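Below: the structure, in structure tokens.
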Amino acid sequence: MKRILHLIPHLSTGGCPQFAYDLLRKTKDTTDAYVVEYAFIAWDYVVQRNRIIDLMKDRFYSLGEQKEQLFDIIDTIKPDVIHIQEFPEYFMDDEIARKLYDKNREYVIVETSHDSGFNPANKRFFSDHLALISQWQIDKFKDYDIPITLLESDIEYKTKTQNQREEGLLKLGLDPNKKHVLNVGLFTSGKNQGELINYARDLQHLPIEFHFIGNQAPNFQDYWEPLMHDLPPNCKIWGERSDTGNFYAAADLFVFTSTWELNPIVIKECLSWNLPILMRRLEPYKDFYDLDPLVSYLSKDGMF
């Protein structure tokens, strides 16, 4: 059984921590796994962090200010593989990265990236293997002289029943006589919740409510704060939630107005709940969702 140390930049709510949690959950019985959190950002957004800690127990480590502690952990664990959940150029101190990527290392390094904006020409540290989450990424980095594997999130299909919808509505206190539109994501300009809020403003005359799940981090306050000052009454902001399943069960439609994505897990979570999706057709998706009957695309100019 391979001993794998999963090195994760941070575990604040987002796609990377959710991907890491799903991977750990699915491989916990076939690998000898450990987790190191490179930086702990805040106590406010810890849904995935708590899930990973609960899963890993005493195999979870969080580095403090002294990042050199990473090498003490490596010396203790002696991993066969170090799986890094983002390119080190994005988050790792150069001194730490140089030592970690030493040519005489006794472990294999695997990298997974969750960002679509990295320029291949900017790569300075090279792993033994890339495990990338989309075919678009593989095409982008294919000229590296490194083996590449596709490691994308699965769609874990569930059976969504009318009873589940009714239970979801009841648990959330939602009106069963209205249609409910869902959006999930960190409030940022790239996630573009403002566009959906504008649609909601135009549809106030209809029995529709719009629900937004996702944290409002202080570093993106310039984006989300003006939206909160002019929010139409048919919109509800729920913040970070650990019970997203209730929302997927209760919703009638998922609208994803994001303009900057790679391979978002939330789309696959919606499909797993048999929830219709209206979203942009972004280049990194390639043609993956084109034939899915649950997926419809926004026009370039928006919904209308």
Side-chain angles (χ1 to χ4, degrees), residues 6 8-28 33 35-62 85 114 153-161 163-175 180-188 191 193 196 209-221 224 228 235-256 258 261 263-275 277:
H6 296 266
I8 308 172
H10 68 85
L11 289 173
S12 292
T13 303
C16 172
Q18 182 62 44
F19 181 94
Y21 170 69
D22 287 340
L23 179 63
L24 290 162
R25 176 173 55 84
K26 293 171 185 175
T27 60
K28 64 183 179 66
V35 169
V36 173
E37 175 188 50
Y38 192 81
F40 175 53
I41 294 176
W43 286 107
D44 294 330
Y45 315 117
V46 292
V47 168
Q48 283 100 347
R49 186 177 195 265
N50 288 341
R51 288 172 179 167
I52 288 175
I53 292 173
D54 185 59
L55 184 69
M56 302 306 299
K57 303 291 191 293
D58 60 353
R59 296 182 173 215
F60 174 86
Y61 303 85
S62 183
Q85 288 292 335
H114 302 269
S153 300
D154 298 328
I155 301 176
E156 300 180 67
Y157 290 101
K158 302 173 179 63
T159 301
K160 181 177 177 178
T161 65
N163 284 343
Q164 283 178 308
R165 182 177 186 275
E166 292 171 356
E167 289 174 5
L169 291 168
L170 183 63
K171 289 178 181 178
L172 298 172
L174 303 184
D175 187 343
H180 296 279
V181 176
L182 180 62
N183 179 274
V184 178
L186 174 69
F187 271 77
T188 67
K191 295 294 184 185
Q193 286 92 345
L196 183 54
E209 288 187 349
F210 295 78
H211 304 274
F212 297 83
I213 298 176
N215 67 63
Q216 296 174 336
N219 50 320
F220 298 113
Q221 188 169 352
W224 56 259
M228 298 304 101
C235 290
K236 183 165 184 177
I237 309 300
W238 294 83
E240 184 184 45
R241 302 284 295 206
S242 60
D243 60 344
T244 51
N246 289 329
F247 289 87
Y248 292 136
D252 299 285
L253 176 68
F254 182 81
V255 179
F256 200 50
S258 185
E261 293 291 346
N263 190 8
I265 294 175
V266 66
I267 293 176
K268 295 183 177 181
E269 288 177 340
C270 290
L271 292 176
S272 75
W273 281 92
N274 205 35
L275 180 60
I277 300 172

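Since we're looking at a predicted model, the values are computed, not measured.
A salt bridge does not link Lys171 to Asp243: none of the charged side-chain nitrogens sits closer than 4.0 Å to a carboxylate oxygen. The pair Arg51-Asp54 does not count as a salt bridge, with every side-chain nitrogen at least 4.0 angstrom from each carboxylate oxygen. In this structure, Glu261 pairs ionically with Lys191, as a charged nitrogen and a carboxylate oxygen lie closer than 4.0 Å.
When side chains are defined from C-beta on, Tyr21 does not count as touching Asn50, because their heavy atoms never get closer than 4.5 Å. Within the 4.5 Å cutoff, side-chain heavy atoms of Phe60 are placed close to those of Leu11. Looking only at side-chain heavy atoms (C-beta outward), Lys268 and Asn263 come within less than 4.5 Å of each other. Annotation: side chain of His6 is in contact with side chain of Leu23 (closest heavy-atom distance under 4.5 Å). For the pair Ile52/Glu37, no side-chain contact is recorded, criterion being any heavy-atom separation below 4.5 Å from C-beta on. Within the 4.5 Å cutoff, the side chain of Gln164 has no heavy atoms near those of the Lys158 side chain. Side chains of Leu172 and Lys236 form no contact here, defined as non-hydrogen atoms less than 4.5 Å apart. Using a 4.5 Å heavy-atom cutoff, the side chains of Pro264 and Phe256 are in contact.
The two residues Cys235 and Phe212 come nearest to each other via the heavy atoms SG-CE1, 3.8 Å. Nearest heavy-atom pair, Ala251 versus Leu182, reported as atom, atom and distance to 0.1 Å: CB-CB, 3.9 Å. Across all their heavy atoms, Cys16 and Pro9 have their closest contact at SG-CD, 4.3 Å. Minimum interatomic distance between Gly239 and Ile213 (heavy atoms only, all atoms of both residues): O-CG2, 3.5 Å. Taking every heavy atom of both residues into account, His10 and Pro17 meet most closely at O-CG, 3.7 Å. When all heavy atoms are compared, the tightest approach of Val184 to Phe254 is N-CE1, 3.5 Å.
Interatomic distance, Leu275 CG to Glu269 CD, rounded to the nearest 0.5 Å: 11.0 Å. Atom CG of Leu196 sits about 12.0 Å away from atom OG of Ser258, to the nearest 0.5 Å. Residue Ile265 holds its CD1 atom at 10.5 Å from CG of Asp154, rounded to the nearest 0.5 Å. Rounding to the nearest 0.5 Å gives a distance of 10.0 Å between CG of Asn219 and OG1 of Thr188. To the nearest 0.5 Å, the span separating NZ on Lys28 from CG on Leu55 amounts to 6.5 Å. Rounding to the nearest 0.5 Å places CG of Leu271 at 10.0 Å from OH of Tyr248.
A donor-acceptor pair is defined here as one N or O able to donate and one able to accept, closer than 3.5 Å; such a pair exists between the side chain of Gln193 and the backbone of Gly185. Using a distance-only test at 3.5 Å, with no hydrogens or angles considered, no donor-acceptor pair links the side chain of Trp224 to the main chain of Leu186. Remark: side-chain polar atoms of Asn183 are paired, donor with acceptor, to backbone N or O of Val255 under 3.5 angstrom.
Ring geometry, His211 versus His180: the interplanar angle falls from 30° to 60°, so the pair is classed tilted.
Residues Phe247 and Trp238 bring their aromatic ring centres within 6.0 Å.
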Legend entry - side chain to side chain donor-acceptor pair (under 3.5 Å) between Asn163 and Glu167, worked out: CA-CA 6 Å; Asn163 284 343; Glu167 289 174 5; 5.9 Å; no
Inset, instruction - Apply side chain to side chain donor-acceptor pair (under 3.5 Å) to Gln85 and His114, showing your working. - result: CA-CA 8 Å; Gln85 288 292 335; His114 302 269; 2.8 Å; yes
Legend entry - Worked verdict on Val47 versus Gln18 for side-chain contact (heavy atoms from CB on, under 4.5 Å): CA-CA 9 Å; Val47 168; Gln18 182 62 44; over 6 Å; no
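Arg49 forms a cation-pi arrangement with Phe40, by the criterion of a distance under 6.0 Å to the ring centre and an angle within 45° of the ring axis.
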